[in-house]
Amino acid sequence: MSEPLPLPAIHASHAGTWLRDSNGSTRGCSKGEAVMAAADTPLLLLNAPLVANRLGYPDLSGLDLLELFAFVRPARFCVPTPKGLAEALDLAVPDSDDEVPLLLQLAAARMMEICESTDWAERDGAWSTLQSLARLRWPWAQVLAPHVKRPERAEKWLFSRLPEWEEAPERAQPQQVALDELAVEGHLERLTGEGAEKREGQRLFARGAGSVFAPRAEDKRPHVLLAQAGTGIGKTLGYLAPASLWAERSGGTVWVSTYTKNLQRQLRRESTRAWPERRADGSRPVVVRKGRENYLCLLNLEDALQGGFSGRPAILAQLVARWAAYSQDGDMIGGDLPGWLGTLFRKRGIAALTDQRGECVYAGCPHYRKCFIERSARASAQADLVIANHALVMVNAARGRDHAQRPTRIVFDEGHHVFDAADSTFSAALTGQETIELRRWIVGPERGNRGRRRGLAARLADIASYDEAGGEAIEAAVAAAQDLPSDGWLVRLADGTPMGPLEALLAQVRATTYARDESGQEAGYGIETETASLPGELVEAAGTAAQALAAIRTPLMKLAGRLEAVMADAPDWLDGQGRARIEGARHSLAWRIDLLAAWEALLSRLGGPADPDFVDWLAVDRNDAREFDIGLHRHWVDPMKPFAHTVLEPAHGVMLTSATLTDRGEEGPDWPHAVARSGATHIEIAPRTSQSDSPFDYANRAEVLIVTDIRRGDIAGLAGAYARLIEASDGGVLGLFTAIRRMRAVHGRIADRLARAGLPLYAQHVDPIDTGTLTDIFRDDPRASLLGTDALRDEPGGAKGHDDRIIRARLAQAFGRLIRTREDAGHFVVLSSAFPSRFLSAFPDGTPVIRLTLAEALQRVAHGVHAVTGSETESA
Ligand code: SF4
């Protein structure tokens, strides 16, 4: 093993701070001393924002090992903790906090060694990127320079090195095949493998799942199945078996839609039993598909690398370029770009590199043939299985570019989230941020902003000069868009100097929302108010704003008509690429026109009777008392109505499955409600339902403990209870709160004490780490505990208020995280004495429920499930 890198290193946890000199002695020190040392000389550290947070010194910088890792090992996984870093580099995991500074020196030395080795897998491009990073004064550049050899031949730059995608022929329509139950069972057996334990529940589940693939008997009447399956049934393979059999026999594509990244990973893994990694022709039968805003846009990256970004964001762009060369699929959110990379740079750099504003110029882009987004769209058109998420499936159905690519056989796993996903997909928000985005899309970047983003006029310059009416429509739209909010709108609203009709409306929205606010104690977070009894000034401002929006929509509609005409009678100079670009423009025009119409509809209702289909409200969004968006919001009372028409109706077979599809009231599972929430009734379909109970022995493997002696509002008592429970179980506790404020207060009181006992405690909204990475950390370290929120959001209008059903559903989902395998055992502790019995049906049948004091609960937790007896037991 190499010698530690002789540079001073620092580590700060909730338990204290440790400094190690370059020449090798580690000592504990005060926060003040640490800050002084960091100001003197760049220190080796791990996750600078986290260390800064622990030291209470936001400007801290240094030689961050995570940045070095992102350079040396782009697109590789690393949990951003001392343990995670040690494991990623094959070093010994430190036993205690005071060993961490030495680990940092060893890890740095190890990475230098990798750079020097002849088999460094990510050498290509490293030297050139390092030269750019040196010009940007990246702190590591000088340290690294002697270890990264100049290549003999000049390195190709990223954009010429990435492979091009191939245009594949369109896939034929799937053949109509029916799967008989025996065939499905046989296929399931092949997938689970010889000798695997036969699971009756899984077999029945798979048979049921096969039924959704049958040919449709009538237009607009898909097969719909609601399948509730308890944890441990093996439902993933249960539906992959008929899905893969159908794909093989019909030549069609099945979409499986999930809500969490975790299930996507699991699906990717399990699908390898049914499909090879690649087909004989090199194409992939299984593809993960995300929304376009998840992927790196190469044009934005090129812009950032060529001066569009400066300072720290420019360094981020270089590290992203390193990653892009080695990434599997260019997915920046939840793909192989480490989730922590964005938080190291604090600014919203990652988002700026994706294609969030729909400004893609398609075939007009120099990187079109290498574009990650285009590649993924093409791959999914050829796939047997597309793994996607609920939001994407819905957006694709509502405004997908290509009708032929719309999913027709869909399995919604984690089906209990479909309602929420529909709620946000089919909602409308007329806010400052949304309108400014529309302005940029039409007008282009504001004066003084560098960058290659272009407005409508530049994107369609050739059409404007060829077709006079089209050119006039573009000019009219650009002129009308000047009425939309522009940069600096938030400041103008706060100063009372709004510009233009939309800013004037937002100023009224802001004033009314503040005037009616009674939240008081939660000051600093978002505030909302309903649209009933609005002041006359606001209603008047809404009328003027609606006219301004209509004045933008009219020329856009005219332009859409001209583009259609040009395409119908295409001029000679319009080649394939030009046509693709116009197709792209038509598509994005169509959904902007719909968006404007939805905004106008929302405004037209203000001051009049409410539309019974919608819930509308005004909101000021704030984060730590800082306003970041203001506007009007509209949600469907029943978002499954648009879901039914856009997703269900065109489909042939749809299955919704989850462990918690139905509410379990005191009378058992409530199927009528689950059917209503599937949307099927809106298209007059009676779905089939099925129920498979979990094979787990909850009666002997789990206990629900309701602690009765912590008073409501007693934060000190609650924090003490948390600390003792975490100590008694030796970490591994997941704590869920319904309010961020309470969670922060508890974390603040106990994190130091627990850290001193070697029990790290992380918290959402406290640690500067993204949620996905926090979950990775929690899973990776059995002694770590994690606090998070499961906020039960108050819906205006009370139509979906957090009634018993929602609370039971949240409890059932939270409980589901406790026991994942037959071997798991654990306690579900409720720290609320006022926990009513009517919620107990949320837990699986037979789970013992015990009301007891904190002292008794601690005993049970310390001894494991069922080691202690004597308390009064109820049964769920
Ligand atoms: S084709 Fe569009 S999304 Fe892809 S790199 Fe070019 S501009 Fe970005």
Side-chain angles (χ1 to χ4, degrees), residues 398-399 422-439 441-442 473 476-477 479-485 489 493 498-513 515-516 528-561 589-621 629-639 641-642 645-646 795-800:
R399 47 172 199 250
D423 187 36
S424 65
T425 305
F426 298 107
S427 64
L430 168 50
T431 69
Q433 293 204 0
E434 295 283 328
T435 46
I436 215 167
E437 211 159 279
L438 179 66
R439 181 195 176 100
W441 183 78
I442 297 174
Q482 304 299 330
D483 274 350
L484 292 170
W489 67 280
L493 258 58
M499 249 167 44
L502 266 298
E503 287 189 18
L505 167 69
L506 297 178
Q508 292 290 339
V509 167
R510 182 175 182 271
T512 305
T513 314
R516 296 176 171 196
E528 301 173 353
T529 185
E530 66 254 48
T531 49
S533 315
L534 292 176
E537 292 88 340
L538 197 158
V539 177
E540 207 175 300
T544 319
Q547 282 171 13
L549 295 177
I552 304 172
R553 186 168 50 88
T554 312
L556 290 186
M557 284 170 64
K558 190 152 182 213
L559 176 60
L589 261 177
W591 80 261
R592 258 85 184 185
I593 291 167
D594 289 351
L595 181 72
L596 282 159
W599 287 347
E600 289 170 53
L602 168 57
L603 292 179
S604 72
R605 284 286 176 163
L606 297 183
D611 186 323
D613 267 344
F614 298 105
V615 195
D616 298 339
W617 70 93
L618 319 178
V620 176
D621 293 326
D629 205 5
I630 296 170
L632 296 118
H633 297 261
R634 160 166 281 191
H635 282 226
W636 285 81
V637 169
D638 183 3
K641 195 170 175 179
H645 292 295
T646 49
E795 301 281 344
K800 288 169 270 139

Could you state the interatomic distance from CG (L538) to OG1 (T513), rounded to the nearest 0.5 Å?
8.0 Å
Which residue, L534, L506, I630, forms the side-chain contact (heavy atoms from CB on, under 4.5 Å) with L618?
L534
Are any non-hydrogen side-chain atoms of L632 and L603 less than 4.5 angstrom apart?
yes
How long is the gap from OG1 on T531 to CH2 on W617, to the nearest 0.5 Å?
10.0 Å
So, D616 and R605, do they make that salt bridge, N to O below 4.0 Å?
no
Please report the interatomic distance CG(L589) to CG(L559), rounded to the nearest 0.5 Å.
5.0 Å
Hey, what do you get for CG (L556) to CG (L438), rounding to the nearest 0.5 Å?
7.5 Å
Evaluate the side-chain proximity of D613 to W636: yes if any heavy-atom separation is below 4.5 Å, no if none is.
yes
Side chain of W441, backbone of I436: donor and acceptor closer than 3.5 Å?
no
Return the CD1 to CG distance between I552 and L484, rounded to the nearest 0.5 Å.
3.5 Å
Enter the distance from L505:CG to T435:OG1 here, rounded to the nearest 0.5 Å.
9.5 Å
Report yes if some heavy atom in the side chain of R439 is under 4.5 Å from a heavy atom in the side chain of Q482; otherwise report no.
yes
